[in-house]
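Throughout, residue positions are numbered sequentially from 1 according to the sequence presented. First listed ligand is number 1; within each ligand, the first listed atom is number 1.
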Amino acid sequence: MKETFYRFDTPAKICLLADIHDRDFSEITASLKVRKPDIIAVAGDILGNVKFDIPTPIMSRTHYALDFLTACAGIAPSFFSIGNHEWMLSQKDKDIIRSTGVTLLDNAWVRHESMVIGGLTSSGAVAYEKYRSGKSEEYPRWNYFNSPQRNEPEVGWLGEFERQEGFRLLLCHHPEYYPKYLRRRKLDLILSGHAHGGQIRIFGQGLFAPGQGVFPRYTSGIHGRMVISRGLANTARFVPRLFNRREIVYIIPK
Ligand SMILES: [Fe+2]
């Protein structure tokens with residue numbers, strides 16, 4: 001795992017964690033204890049692959065995810081937004097997440113010191129919730145992949161969010177949402193993950209990312225006001241990581 005540091009015009013030292021996928025997190029907490037961020041932003045995908053008919057609540061049956069959130073909350077104020085791997089979370093699951101001390105930002109925002117911090121939930125999680133509550137007839141099996149072509153994220157609340165005073169920080173698991181939903185909004189910093197750096201990196205370019213296809217644009221680094229983590233898990237289901245180390249990202253005030 002590598003530590004990546006970006007300088008950005010932000011009022012706080014922020015650690016961005018994404019795509020841990022229910023793996024061992026001891027290296028991460030060791031880094032956090034040394035680097036001492038002011039806040040921790042967990043930008044989705046704390047869970048691994050689970051079956052579509054998995055019974056909920058699932059959070060108390062995870063291997064590491066719950067302990068990971070608890071550990072983060074013990075180190076610094078921590079904020080979590082929902083990624084595509086959290087598509088099945090029930091209300092009980094969300095209560096369990098809150099019980100770790102982490103602030104859950106499920107298409108919602110909170111004020112924290114001079115910042116307002118929001119979390120844009122993965123469109124697949126929104127679609128599954130609609131299906132489960134009977135608002136949608138369609139079984140959203142393919143929503144799991146979350147391409148914005150298939151589902152729209154719930155962006156209505158962002159209007160109120162971007163009118164707030166203070167540094168507007170948005171956690172959004174999906175970097176591919178940026179051009180369509182986020183670039184033209186008054187947001188100061190967007191933190192994302194999901195693309196795993198493009199899984200295989202050749203000549204500084206990722207090879208594939210879900211929702212973006214081959215040679216994706218948004219897999220790593222700074223794009224406008226968005227910072228993308230290459231993620232913390234070793235592998236995706238089928239494709240290994242190559243020339244693409246796992247990373248923990250720190251955003252340091254200029
Ligand atoms: Fe993801």
- prompt: Taking the six-membered ring for Trp, are Y177 and H174 parallel (under 30°), tilted (30 to 60°) or perpendicular (over 60°)?
  reply: parallel
- prompt: Should the pair R246-E27 be classified as a salt bridge under the 4.0 Å nitrogen-to-oxygen rule?
  reply: yes
message: Report whether any nitrogen, oxygen or sulfur of H196 sits less than 2.8 Å from the Fe ion (ligand 1) (N, O or S, backbone or side chain).
response: no
message: Using 2.8 Å as the threshold, say whether any N, O or S atom from H173 sits that close to the Fe ion (ligand 1).
response: yes
statement: One should read off an interatomic distance between C15 SG and D38 CG, to the nearest 0.5 angstrom, of 11.0 Å
- request: Report the relative orientation of the aromatic rings in Y250 and F5; use parallel for angles under 30°, tilted for 30 to 60°, perpendicular for over 60°.
  value: parallel
statement: For the Fe ion (ligand 1), angle spanned by N84 OD1 and D45 OD2 (nearest 10°) is 90°
field: Minimum-distance atom from the Fe ion (ligand 1) among N, O or S atoms of H194
entry: ND1
